[in-house]
Trainee: 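Sharing a structure with you now.
In what follows, chains are A, B, ... by sequence order, proteins preceding strands, each numbered from 1. None of the values given here were measured: they were computed from a predicted structure.
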Amino acid sequence: MGLWLIPRPSKPCSTRLFVQVGLAMSILLKLLEGGCSSQVPNSIASNELLVALRKADMRVEFKQVFDKLRENKGVEMDNWGYNICIHAFGCWGDLGTSLSLYKEMKDSNLESVGPDLPTYNSLIHVLCLVGKVNDALTVWEELKGSGHEPDAITYRILIQGCCKSYRIDEATNIFSQMQLNGYIPDTIVYNSLLDGLFKARKVNDGCHLFEKMVQNGVRVSTWTYNILVDGLFKNGRAEAAYTLFCDLKKKGQFVDGVTYSIVVLQHCKEGLLEKALGLVEEMERRGFAVDLVTISSLLIGLYKEGRWDWTDKLMKHIREGNLVPSVLKWKADMEASMKTPQSSRKDYTQLFPSKGDFSEIMSLINSANSTMDADLDSEDARVKDDDKNVSTDTDQWSSSPYMDQLANQLKPIDHSSQLFSFSRGQRVQDKGEGSFDIDMVNTFLSLFLAKGKLSLACKLFEIFSDLGENPVSYTYNSMMSSFVKKGYFNEAWGVLNEMGEKVCPTDIATYNVIIQGLGKMGRADLASCVLDKLMKQGGYLDVVMYNTLINALGKASRIDEVNKLFEQMKSSGINPDVVTFNTLIEVHSKAGRLKDAYKFLKMMLDAGCSPNHVTDTTLDFLGKEIEKMRYQKASMVRNKDDFR
DNA sequence: ATAGGGTTAG
């Protein structure tokens with residue numbers, strides 16, 4: 001008892017819910033034990049409980065009930081039960097269990113048990129969640145030809161999966177198919193696609209979709225406007241975004257705490273701290289919660305401008321709740337811990353045992369290799385399976401042979417095949433005072449790192465590791481990124497190593513840092529190697545990844561590859577942004593391809609992408625190069641004249 | 001179920 005009464009910090013769930021779910025669970029377990037006379041729970045009761053446990057993110061308890069049910073004392077799992085479990089295990093990253101449950105459903109002797117459309121929807125969802133969007137799409141294709149009609153849920157899951165993995169053209173395509181098949185996309189589907197378009201830097205398409213949404217009479221929500229405001233800001237349309245924000249405020253609708261948070265962040269980024277604080281005061285006045293995310297933006301803004309004294313102002317503004325006081329207390333505690341020289345380790349270089357040179361990267365590449373080989377093996381297996389099906393002609397008809405194949409090729413414990421998932425770090429609300437909350441650690445880490453205070457960052461890392469807190473991928477990524485920036489490659493690979501040992505899920509940012517590191521080490525060859533494997537495994541590239549790669553290749557004077565990658569970027573449905581263009585202009589200027597550099601400048605302006613201060617410095621350089629070139633040409637002409 | 005912070009360019 002008591003185990004499930006401890007609230008999981010990841011979701012803002014009420015303690016009451018935990019108590020209720022916990023009670024329900026203890027009753028059900030009692031019934032299953034046969035401890036309560038002859039009462040036997042039915043499947044509906046257990047399914048309801050499983051759903052509740054999943055929603056409350058109570059993994060351990062879910063597994064407990066699941067295991068009990070599987071001991072097969074009285075309750076048979078029905079289709080609904082299977083579908084709930086497939087979905088739940090997938091949500092928690094356990095693709096293996098989901099797939100074996102599917103297999104079990106197929107092999108079941110019970111007439112009433114077998115995969116149905118909800119099963120396939122769950123499986124497709126799970127594949128998308130663990131980042132295997134290619135597999136999800138294959139299953140979907142097979143499903144369409146097997147007599148199963150995809151429903152609105154199938155379409156929603158696929159569109160969301162494609163958007164999150166930057167397969168924006170696929171997403172748009174499925175969106176049209178959905179409408180052709182008579183389904184009217186709802187607010188959620190529109191919002192998902194809208195966000196995907198903005199994240200892929202397709203501002204015009206995004207705005208167009210929004211207009212279409214309004215024209216078609218689809219209900220727009222606060223989320224829609226938040227996506228729009230954020231999307232405009234991030235795509236260089238700050239003025240339009242701010243105007244929209246003000247209009248919405250005037251109308252007094254479609255504004256919430258997140259809307260303010262978005263605008264506050266942008267102000268902080270532009271160094272407009274007073275305006276940001278003014279907005280915080282306003283949101284407080286209007287009763288919107290100033291949460292940890294907003295406070296993080298403010299803290300980073302304040303610190304970058306060196307204005308710690310303004311935290312008093314923060315205190316004044318955010319009276320409600322004890323978030324600011326506890327954040328400040330957190331900061332004080334942290335600073336106190338940093339002063340005490342309890343460290344046995346002398347300096348940060350000893351923090352991460354550097355196991356040397358390229359071996360980690362090579363093993364990374366090798367592991368990518370082996371999973372690729374496994375895929376090839378399974379490809380063979382598939383061919384063989386097909387042969388078998390034809391020759392033996394058993395009644396092994398399946399809605400999705402590919403799904404069966406995925407389930408069959410499964411190893412008992414299969415974490416290796418997972419590339420990276422879309423799950424971001426867990427959000428911690430408020431663990432109480434004096435605790436080192438990972439989100440705060442991450443915020444302060446990036447503060448220190450941004451100021452180049454590596455040793456402070458390492459100290460913090462050390463303190464909270466010693467406290468037994470678990471770093472998340474973000475923590476590792478930002479540490480690695482800073483080491484790479486400073487040229488401490490061994491330390492960076494050390495972090496990568498530690499990350500692997502802690503089985504911390506890698507995300508796309510991890511790969512971004514690796515590529516960045518390889519580029520800085522002058523190993524663009526390895527960078528494109530990593531990229532290659534990534535693509536072959538069905539991984540995806542985001543805007544940052546393309547930009548990092550273009551930079552790495554450019555610095556290595558691999559201009560042809562740069563241009564190839566730029567084409568690939570566009571054809572895969574991702575629009576270049578300011579960073580892309582700035583990088584392209586710089587790289588081409590430095591390579592002496594001044595005409596090309598100019599071409600990209602023109603392309604940038606034509607695309608409606610406004611230059612920023614980085615563009616200015618790059619153009620200065622380009623201008624000087626052009627000047628030099630003219631001078632050289634002129635002197636060449638002079639020389640020729642002299643010769644005559 | 002869908003949105004906001006902390007990782008890319010000079």
Trainee: Please classify the nucleic acid contact of A:N612 as base, sugar-phosphate, or nothing, using heavy-atom distances under 4.0 Å.
Mentor: base
Trainee: Has the side chain of A:N547 got a donor or acceptor that lies under 3.5 Å from a partner of the other kind on the base of B:dT8?
Mentor: yes
Trainee: Classify A:D195 by what it touches in the nucleic acid, base, sugar-phosphate, or nothing, heavy-atom distance under 4.0 Å.
Mentor: sugar-phosphate
Trainee: May I ask you to say what A:I188 touches in the nucleic acid, namely base, sugar-phosphate or nothing, with a heavy-atom cut-off under 4.0 Å?
Mentor: base
Trainee: Contact class for A:K304 (heavy atom, under 4.0 Å): base, sugar-phosphate, or nothing?
Mentor: nothing
Trainee: Please state how far atom OH in A:Y476 lies from atom P in B:dT7, giving the value in whole angstrom units.
Mentor: 18 Å
Trainee: For A:D620, which contact category applies under a 4.0 Å heavy-atom criterion: base, sugar-phosphate, or nothing?
Mentor: nothing
Trainee: Would you mind classifying the nucleic acid contact of A:T294 as base, sugar-phosphate or nothing, using non-hydrogen atoms under 4.0 angstrom?
Mentor: base
Trainee: Tell me what A:V258 touches on the nucleic acid: a base, only sugar-phosphate, or nothing, going by heavy atoms under 4.0 Å.
Mentor: base
Trainee: Across the strands shown, which category fits A:K590 at heavy-atom distances under 4.0 angstrom: base, sugar-phosphate, nothing?
Mentor: nothing
Trainee: Using whole Å, report how far CZ of A:F175 lies from P of B:dT2.
Mentor: 17 Å
Trainee: Could A:K564 and A:E561 be called an ion pair, given the rule that one side-chain N must be under 4.0 Å from one carboxylate O?
Mentor: no
Trainee: Taking only Lys NZ, Arg NE, NH1 and NH2, and the carboxylate oxygens of Asp or Glu, determine whether A:K275 and A:E270 approach each other closer than 4.0 Å.
Mentor: no
